[in-house]
Amino acid sequence: MMNRTLSRKLLGSMCGISNPRLSFAQSAVNTVRELEKDEPRPLYMDFQATTPMDPRVLDAMLPYQVNYYGNPHSRTHAYGWESESAMEKARKQVADLIGADPREIVFTSGATESNNMSIKQLEETIRPDTSLVSIMTVNNEIGVKQPIKEIGHLCRSKNVFFHTDAAQAVGKIPINVNDWKVDLMSISGHKLYGPKGIGALYLRRRPRIRIEPLQSGGGQERGLRSGTVPTPLAVGLGAACEIAQQELEYDHKHVTVLANRLVQKIMAAIPDVVLNGDPDQRYPGCVNLSFAYVEGESLLMALKDVALSSGSACTSASLEPSYVLRAIGTDEDLAHSSIRFGIGRFTTEDEVDYTVEKCVQQVKRLREMSPLWEMVQEGIDIKSIKWTQH
Amino acid sequence: MPTSSDTRWQCFMRNSTQREKNYTELNMASCSRTQVISLYRMLVKESKKFSSYNYRTYALRRVKDGFRENLHVDNPKTLDMLINQARENLAVIKRQVSIGHLYSAQRTVVEKEPHL
């Protein structure tokens with residue numbers, strides 16, 4: 001049984017509970033709004049949701065937005081030829097990054113379309129006894145790397161098609177589709193400092209993978225994906241891939257140093273913090289931390305100066321805890337208190353330090369308000385409490 | 001004045017056999033120590049002009065690390081290639097800095113004073 005002050009404090013430390021008498025709770029909620037005119041922008045720590053374009057990528061794209069605007073499929077004039085040449089150059093840049101042949105790359109509108117193309121139609125065009133395995137290379141919520149090479153070899157030995165969604169992995173970890181024995185791979189432009197609205201699908205030629213196209217039309221991209229290929233976007237994707245290949249090691253080192261700094265500083269300052277996901281088999285730039293006795297959404301709202309997310313952007317509309325965390329066996333209450341820190345090419349040490357400082361400050365503040373935390377401090381085992389129902 | 005301490009910056013100009021080989025190569029990417037240093041200074045100067053905090057800090061860091069990484073390069077061909085790359089990057093930075101100014105946004109919370 002909880003008395004009135006205790007119940008008010010409990011409700012006050014949770015977000016999303018509406019009660020007109022609880023002005024304390026209301027002041028903790030930051031309503032969705034755009035920034036004011038001279039208000040400083042929050043610093044960006046959500047690199048898994050999307051990445052800013054590298055200036056070199058924009059520089060490569062602009063000529064095709066301004067003067068070289070031809071349709072790459074026009075065969076009869078210089079506008080078409082120069083646009084096609086740019087598109088094919090981009091195709092080669094994408095192929096080189098993953099160790100493929102340019103003829104094995106199909107431009108799509110993004111990794112989602114590539115995923116749909118791979119999975120939906122493939123199953124229906126092959127014999128009923130064969131099947132398809134589809135695995136994410138690097139998870140977007142906790143950053144864990146899957147053993148793709150081992151899975152690939154296993155699938156090849158059993159004559160099963162292997163697709164991987166490499167959106168979070170391309171350009172961040174070395175990829176070779178032949179080493180890994182991958183048959184289909186989805187690539188997303190805006191996850192590797194390229195433009196939004198473009199992606200690619202890698203389709204192995206030997207042994208040949210046959211898929212039925214999702215959209216029919218003028219037969220572009222060898223009939224697999226009709227529709228004019230957007231040259232400026234393709235050029236951007238190509239440039240982003242080339243830059244990623246050059247900068248892979250340098251970026252990886254930079255991101256690792258910053259991620260370690262973030263995790264170590266936070267863990268040294270406050271207790272009861274859990275790093276979700278395998279500590280070794282992971283991409284360092286995706287740090288998912290659970291702060292016990294603090295509700296994730298309220299911590300996000302409190303950290304209004306830092307652009308973060310809890311869970312993934314594609315499921316951020318629902319209030320349910322992350323399915324990924326539930327799948328790896330995280331406690332329900334820890335799953336609710338998880339925050340994902342995304343570190344990337346452009347993150348600075350100052351940004352990490354600022355984030356750590358604010359995070360520690362807000363976690364301490366929220367824990368002060370939490371009666372659960374009070375009980376833990378007094379030595380009560382939360383799990384042994386039998387909550388009564390109202 | 002060449003000193004013993006800059007043997008690391010092996011120069012096209014000081015290498016007499018190369019000079020005899022192809023005189024026309026001189027005008028393109030002659031790698032004198034002063035030219036490399038001036039290229040570095042120009043890259044740093046232009047990078048400081050980015051109005052975006054993240055682009056500015058990245059460019060400065062990458063330029064510094066890039067030059068430091070290639071400090072001990074001896075091969076004149078590699079040096080030429082690196083210098084040409086640096087010149088191209090300088091052009092990219094200048095263009096992107098201008099675009100950034102045309103479409104600039106407010107500063108981020110982590111910047112101490114408004115960027116001039």
Side-chain angles (χ1 to χ4, degrees), chain A residues 34-47 51-63 65-66 193 236 239 242-243 246-255 257-258 303-308 342-359, chain B residues 39 42-73 78 81-116:
Chain A
E34 283 183 31
L35 292 171
E36 258 143 66
K37 190 161 179 284
D38 287 318
E39 195 181 337
R41 295 177 67 71
L43 60 94
Y44 193 72
M45 292 282 279
D46 203 9
F47 280 78
T51 55
M53 279 210 291
D54 192 295
R56 293 166 281 192
V57 168
L58 181 61
D59 200 72
M61 288 170 66
L62 278 170
Q65 301 278 34
V66 181
Y193 313 98
E242 190 174 86
I243 293 168
Q246 288 163 2
E247 305 281 354
L248 208 137
E249 208 185 297
Y250 180 84
D251 282 346
H252 196 270
K253 219 180 281 181
H254 176 72
V255 163
V257 163
L258 287 184
L303 289 172
K304 60 181 171 59
D305 284 342
V306 184
L308 291 166
I343 295 174
R345 180 181 292 166
F346 302 108
T347 314
T348 65
E349 202 176 270
D350 283 348
E351 286 180 319
V352 167
D353 289 344
Y354 184 95
T355 305
V356 166
E357 190 191 309
K358 290 289 166 181
C359 187
Chain B
L39 194 54
M42 281 196 284
L43 278 162
V44 168
K45 188 174 115 185
E46 290 303 319
S47 299
K48 284 185 179 164
K49 296 181 185 169
F50 267 118
S51 54
S52 150
Y53 167 81
N54 291 99
Y55 288 164
R56 187 169 67 245
T57 51
Y58 175 73
L60 286 167
R61 171 168 55 91
R62 192 69 191 87
V63 163
K64 205 162 54 156
D65 288 344
F67 273 75
R68 188 181 298 152
E69 190 183 311
N70 293 308
L71 203 55
H72 301 286
V73 169
T78 322
M81 182 202 74
L82 289 170
I83 286 176
N84 280 330
Q85 248 174 37
R87 288 213 175 104
E88 275 167 29
N89 281 323
L90 180 61
V92 170
I93 291 175
K94 280 183 171 165
R95 287 193 292 267
Q96 293 304 312
V97 157
S98 302
I99 291 176
H101 286 154
L102 293 171
Y103 292 96
S104 60
Q106 311 95 306
R107 63 187 174 90
T108 61
V109 288
V110 88
E111 293 178 74
K112 288 186 182 58
E113 70 279 326
H115 177 68
L116 293 160

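Chain letters run A, B, ... following the sequence lines, proteins first and then strands; every chain starts at 1.
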Checklist entry - Below 4.5 Å, heavy atoms only, C-beta onward: do A/Y193 and A/I243 meet side chain to side chain? => result no

Item to check | Smallest separation among heavy atoms of A/T347 and A/H254, with atom names | outcome: O-NE2, 2.8 Å

Item to check | Most chain B-contacting option - heavy-atom pairs closer than 4.5 Å, from A/P40, A/A60, A/P55 | outcome: A/P55

Next on the checklist: Between B/R61, B/R95, B/E69, who has the most heavy-atom pairs with chain A when the cutoff is under 4.5 Å?
Outcome noted: B/R61

Checklist entry - So, does B/R56 use its side chain to make a donor-acceptor pair with the main chain of B/F50 at under 3.5 Å? => result yes

Next on the checklist: Treating B/Q96 as the side-chain partner and A/R56 as the backbone partner, does any N or O pair qualify as donor plus acceptor under 3.5 Å?
Outcome noted: no

Next on the checklist: Under 4.5 Å from any heavy atom of chain B, what part of A/E36 do you find: side chain, backbone, both or neither?
Outcome noted: backbone

Checklist entry - For A/E39, is it the side chain, the backbone, both or neither that has a heavy atom under 4.5 Å from a heavy atom of chain B? => result backbone

Checklist entry - Relative to chain B, which segment of A/Y44 carries a heavy atom at a distance below 4.5 Å: side chain, backbone, both, or neither? => result neither

Next on the checklist: With a 4.5 angstrom heavy-atom cut-off, is it the side chain or the backbone of B/I93 that approaches chain A, or both, or neither?
Outcome noted: neither

Next on the checklist: Could you check whether any side-chain heavy atom of B/R87 comes within less than 4.5 Å of a side-chain heavy atom of B/N84, counting everything from C-beta outward?
Outcome noted: yes

